[in-house]
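The residues of the chain are indexed from 1 along the displayed sequence.
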Amino acid sequence: LERHPSTEDARLSDKALAAVPLEASAQTTALVFDGPKLGARFLYPRNWELRSAKETRIEFREPTGGDMRLVIDPSPLPSPEKLQKDLVQWLEHKQEAKITATLAPQPLRLEGGRTAQQFMVRAEFPESKNRKPADWYYVLLRQGNRAALLSASLLTHRAELLHKDVDFIASKLEFLAK
């Protein structure tokens with residue numbers, strides 16, 4: 001076995017590497033989730049901790065205020081409107097929450113022939129629940145006959161920053177053959 005540097009690869013030339021950003025950012029320090037059994041690969045910001053990956057579900061936690069779940073090929077595939085309606089009903093009736101803001105389902109721009117819809121619900125809880133105000137942010141992504149549902153529960157004071165992470169994951173998601 002012999003090792004030597006690859007000097008002929010054009011991707012490693014000084015000219016090619018000059019365009020590579022060297023400053024640390026969410027994009028340049030992102031981690032890769034590669035799940036051939038789940039049929040998906042994506043980048044995710046390193047501030048999110050991978051908690052579990054089982055069957056079609058991947059769960060993350062962000063220590064400063066967020067939980068996120070990614071479901072690959074949910075069945076049956078719900079509409080964003082039904083998801084939002086069911087979420088509001090659950091918050092109001094089961095959690096006794098007061099809905100303080102909503103964002104109706106709207107398109108999220110993605111590349112590569114993928115379409116997505118996003119929506120948000122913000123809620124406050126009674127003191128007896130001992131919970132902080134939170135935003136629920138959902139992205140339903142489709143590509144051909146494949147789909148993914150990202151759902152995140154984010155503390156309201158961190159939501160604006162963390163929902164950009166959810167969008168980042170949606171933008172980097174690749175469907176793989178199972």
### Task
Report the C-alpha separation of Gln84 and Tyr138 in whole Å, then their side-chain angles, then the decisive distance to 0.1 Å, and conclude whether the side chain to side chain donor-acceptor pair (under 3.5 Å) test is met.
CA-CA 9 Å; Gln84 188 173 38; Tyr138 281 56; over 6 Å; no
### Task
Kindly determine whether Leu70 and Leu173 satisfy side-chain contact (heavy atoms from CB on, under 4.5 Å), including the steps that lead there.
CA-CA 10 Å; Leu70 171 60; Leu173 182 85; 4.2 Å; yes
#### Entry: Stepwise side-chain contact (heavy atoms from CB on, under 4.5 Å) test for Asp165 and Trp48
CA-CA 9 Å; Asp165 290 348; Trp48 287 86; 2.8 Å; yes
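Ionic pairing of Arg41 and Glu174 is present here: one or more N-O contacts between side-chain nitrogen and carboxylate oxygen are shorter than 4.0 angstrom. Contact check on Glu124 versus Lys98 returns no salt bridge, with no Lys/Arg side-chain nitrogen under 4.0 Å from an Asp/Glu carboxylate oxygen.
In this structure a side-chain-to-backbone donor-acceptor pair under 3.5 Å is missing from Ser151 to Met68. Under a 3.5 Å cut-off, the side chain of Glu62 and the backbone N or O of Thr64 do form a donor-acceptor pair. Remark: side-chain polar atoms of Arg57 are not paired, donor with acceptor, to backbone N or O of Lys54 under 3.5 angstrom. Arg146 contributes no side-chain N or O that, together with a main-chain N or O of Leu141, makes up a donor-acceptor pair within less than 3.5 Å.
Judged purely by distance below 3.5 Å, without hydrogens or angles, the side chains of Thr100 and Arg122 never pair a donor atom with an acceptor atom. A donor-acceptor contact closer than 3.5 angstrom is absent between the side chains of Arg142 and Gln117. In this structure, a donor-acceptor pair under 3.5 Å is present between the side chains of Thr156 and Asp135.
A 4.5 Å side-chain heavy-atom check between Pro45 and Ile169 finds at least one atom pair inside the cut-off. Under the 4.5 Å side-chain criterion, counting only non-hydrogen atoms from C-beta, Leu154 is in contact with His163. Residues Phe125 and Leu91 are in side-chain contact: their nearest non-hydrogen atoms beyond the backbone lie under 4.5 Å apart. A 4.5 Å side-chain heavy-atom check between Leu83 and Leu149 finds at least one atom pair inside the cut-off. Val121 is listed as a side-chain neighbour of Val88, based on a closest heavy-atom distance under 4.5 Å.
Shortest non-hydrogen contact noted between Ser153 and Ala134 is OG-CB, 4.5 Å. Listed here is the closest heavy atom pair of Val139 and Ala116: CG1-CB, 4.1 Å.
Atom CD of Gln118 is separated from atom CG of Leu110 by 9.0 Å, given to the nearest 0.5 angstrom. Note: Lys82 NZ to Leu77 CG = 12.0 Å, rounded to the nearest 0.5 Å. The distance from the CD atom of Glu81 to the CG atom of Leu140 is 9.5 Å, given to the nearest 0.5 Å. For the atom pair CZ of Phe33 and CD1 of Ile58, the computed distance is 4.0 Å after rounding to the nearest 0.5 Å. Rounded to the nearest 0.5 Å, atoms CZ (Arg61) and CG (Asn47) are 13.5 Å apart. In this structure, the separation between CD on Glu49 and CG on Leu31 is 11.0 Å, given to the nearest 0.5 Å.
By the neighbour-count criterion of 12 heavy atoms within 6.0 Å, atom CD of Gln89 is densely surrounded, having more than that number from other residues, nucleotides or ligands. Under a cut-off of 6.0 angstrom, the local environment of NZ in Lys129 is crowded, with over 12 non-hydrogen atoms contributed by other residues, nucleotides or ligands. Heavy-atom neighbours of Asn130 CG from other residues, nucleotides or ligands within 6.0 Å: at or below the threshold of 12.
Note on Ile72 and Leu108: same hydrophobic cluster, where clusters join Ile, Leu, Val, Met, Phe, Trp and Tyr whose side-chain heavy atoms are under 4.5 Å apart, directly or indirectly. One hydrophobic cluster, built from ILVMFWY side chains closer than 4.5 Å, cannot hold both Leu43 and Val166; they sit in different ones. A continuous path of Ile, Leu, Val, Met, Phe, Trp and Tyr side chains, each step under 4.5 Å between heavy atoms, connects Leu162 with Tyr137, placing both in one hydrophobic cluster. Under the 4.5 Å side-chain heavy-atom criterion for ILVMFWY residues, no single connected hydrophobic cluster contains both Leu161 and Leu155. Hydrophobic cluster membership is shared by Phe42 and Phe175, with clusters built from Ile, Leu, Val, Met, Phe, Trp and Tyr side chains linked at under 4.5 angstrom.
With ring centers used as reference points, Phe168 lies 6.0 Å or more from Tyr44.
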